[in-house]
Amino acid sequence: MMNNNLPSITEMIEALALISEDKNLLTRRYLTSQHKKVNELVAEWMSVAGMKAWQDPIGNIVGRYEGHENGLPALMLGSHLDTVVNAGKYDGMLGVVTAIHCVASLERQGKRLPFAVEVIGFADEEGTRFKSTYLGSKAVAGTFDLDTLDRLDSDEISMKEALDKFGLNTENIPNAARKKSEISAYLELHIEQGPVLEENNLAAGIVTEIAGATRLTIEIIGKAGHAGTVPLHLRQDALVTASECIVKLEKIAKASANTVVTVGEISIKPGASNVIPGHAKFTVDLRSSENSIRKKVENELQQALQEICTNRKAKLITTKTHSAESTKCSNNVIKQLENAFVKSGYPTYFLPSGAGHDTAAMSDLTETGMIFLRCRDGISHNPAESVKMEDVEAGFQIMLKFIENFQPL
Ligand code: HGY
Ligand code: MN
Ligand code: MN
């Protein structure tokens with residue numbers, strides 16, 4: 001029996017949490033040196049677990065454990081390795097390291113299945129650096145938009161330049177796409193990032209669908225001026241205009257069912273206490289369970305913001321940086337997940353995901369499913385994110401049971 005000396009899931013989580021762009025908090029964005037370091041570490045763990053590991057043309061890290069013969073279609077498991085700013089240490093990473101441990105268990109048992117098993121650590125799910133999400137999973141699914149290469153980060157570095165610097169050739173990105181015949185299904189384990197499982201005193205749940213999302217960047221161009229000399233009624237104050245817009249966004253979302261809107265980033269220029277802001281820029285993250293509601297709200301937002309800007313003699317520039325339809329998980333995978341829950345002795349509980357996940361992008365390529373794990377107080381995108389050890393064990397047992405009983409679709 002092969003024995004692989006892998007660190008525990010908890011030790012892996014802690015090791016990954018130390019690889020950050022900021023020594024005081026966890027931030028790991030796409031195509032940074034920290035991304036490179038994490039890929040190297042995860043590739044090492046994949047090899048110890050008995051997989052062949054490689055980095056694909058968009059910067060995902062992939063491991064493959066062959067079936068009872070080489071070259072069989074694969075059950076792909078995974079999640080993302082990038083983070084938001086000041087992140088928790090489980091969002092994404094827990095799904096990748098749990099999958100590695102499942103393969104290590106197959107290796108220890110000397111088990112070879114009628115399909116291969118692949119584990120993928122997606123390079124950019126959050127979109128923290130270039131504002132467009134699912135870059136890694138879209139490349140694998142063959143839906144990556146090459147226009148994204150022109151996107152600039154906050155240092156005005158384009159994604160293309162960042163890829164070149166990382167050592168990846170943008171001409172190669174289309175080769176990251178996998179064929180439908182190669183991947184039988186994709187399964188992602190992820191923390192719920194909400195309070196539902198905890199409220200129902202459950203360790204884990206089965207995801208039925210993933211909410212759609214729209215991300216916008218709003219620019220408001222007013223007129224900079226002297227804080228002491230320009231009377232209020234003659235001002236074109238970009239920040240006051242933005243503030244009125246943001247309050248209006250919340251009002252419109254509150255009036256629409258199952259809809260949330262978030263302004264997570266805002267910046268103004270020139271940024272001096274005695275200068276009327278001439279330029280304001282903020283992000284809008286709009287989610288709704290129904291695509292039709294999200295699109296209706298998006299139109300309402302645009303009209304309302306235009307009206308406010310016209311009244312205040314400001315110019316409005318709206319850029320859509322991301323749009324994802326709400327996605328249903330595959331009934332076949334849900335059924336097999338249900339069996340895995342029962343066989344592992346856990347009650348089955350179905351719930352939708354308000355958060356976006358690579359699973360949504362992978363649904364364009366193959367059948368998909370998700371296992372949610374309870375997280376304390378539903379906290380996520382926050383360093384206070386945490387899970388119970390017994391729930392991590394539950395996730396591992398359920399995922400392993402799913403793999404061992406998986407019927408290629
Ligand atoms: O924003 C989200 O829903 C996910 O965490 N990227
Ligand atoms: Mn996240
Ligand atoms: Mn995530």
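Keep in mind the model is a prediction, meaning the values are calculated, not measured. For ligands, and for the atoms within them, numbers begin at 1 and follow the listed sequence.
A 6.0 Å sphere centred on NZ of Lys36 holds more than 12 heavy atoms belonging to other residues, nucleotides or ligands.
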Item to complete: Show your reasoning for whether side chain to side chain contact (heavy atoms under 4.5 Å, CB included) applies to Val263 and Glu250.
Response: CA-CA 9 Å; Val263 174; Glu250 188 194 41; over 6 Å; no
Discussion item. Between Arg312 and Glu244, does the salt bridge (Lys or Arg N to Asp or Glu O under 4.0 Å) criterion hold? Intermediate values first, please.
Written reply: CA-CA 10 Å; Arg312 289 178 173 272; Glu244 187 178 344; 2.6 Å; yes
Practice prompt. Would you please test Thr27 and Arg29 for side chain to side chain contact (heavy atoms under 4.5 Å, CB included) and show each step?
Written response: CA-CA 6 Å; Thr27 302; Arg29 295 171 306 152; 4.2 Å; yes
Worksheet item: Given the rule in the salt bridge (Lys or Arg N to Asp or Glu O under 4.0 Å) test, do Lys295 and Glu325 qualify, once you have shown the distances and angles that lead to the verdict?
Response: CA-CA 10 Å; Lys295 288 179 180 142; Glu325 300 293 280; 3.0 Å; yes
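No part of His80 comes within 4.0 Å of ligand 1, judged by heavy-atom distances.
Distances from the Mn ion (ligand 2) to the N/O/S atoms of Asp91 are shortest for OD2. His80 has its closest N, O or S atom to the Mn ion (ligand 3) at the position named NE2.
Residue Gly356 places at least one N or O, backbone or side chain, under 3.5 Å from an N or O of ligand 1. Residue contacts with ligand 1: His381 is placed with a nitrogen or oxygen under 3.5 Å of a nitrogen or oxygen of the ligand (distance criterion only).
Listed by number with element, the atoms of ligand 1 under 4.0 Å from a non-hydrogen atom of Glu125 are 4 (C), 6 (N). Heavy-atom proximity to Ala355, at under 4.0 Å, picks out these atoms of ligand 1: 3 (O). Residue-ligand proximity, Arg215 to ligand 1, at heavy-atom distances under 4.0 Å covers atoms 1 (O).
Angle subtended at the Mn ion (ligand 2) by Glu126 OE2 and His381 NE2: 110°, rounded to 10 degrees.
Judged by the 6.0 Å distance and 45° axis criteria, Arg112 is positioned over the aromatic ring of Tyr65.
Of the options His357, His190, Arg287, the smallest heavy-atom separation from atom 3 (O) of ligand 1 is shown by Arg287.
In the model, Glu338 has no side-chain atom that pairs as donor or acceptor with a side-chain atom of Thr348 under 3.5 Å.
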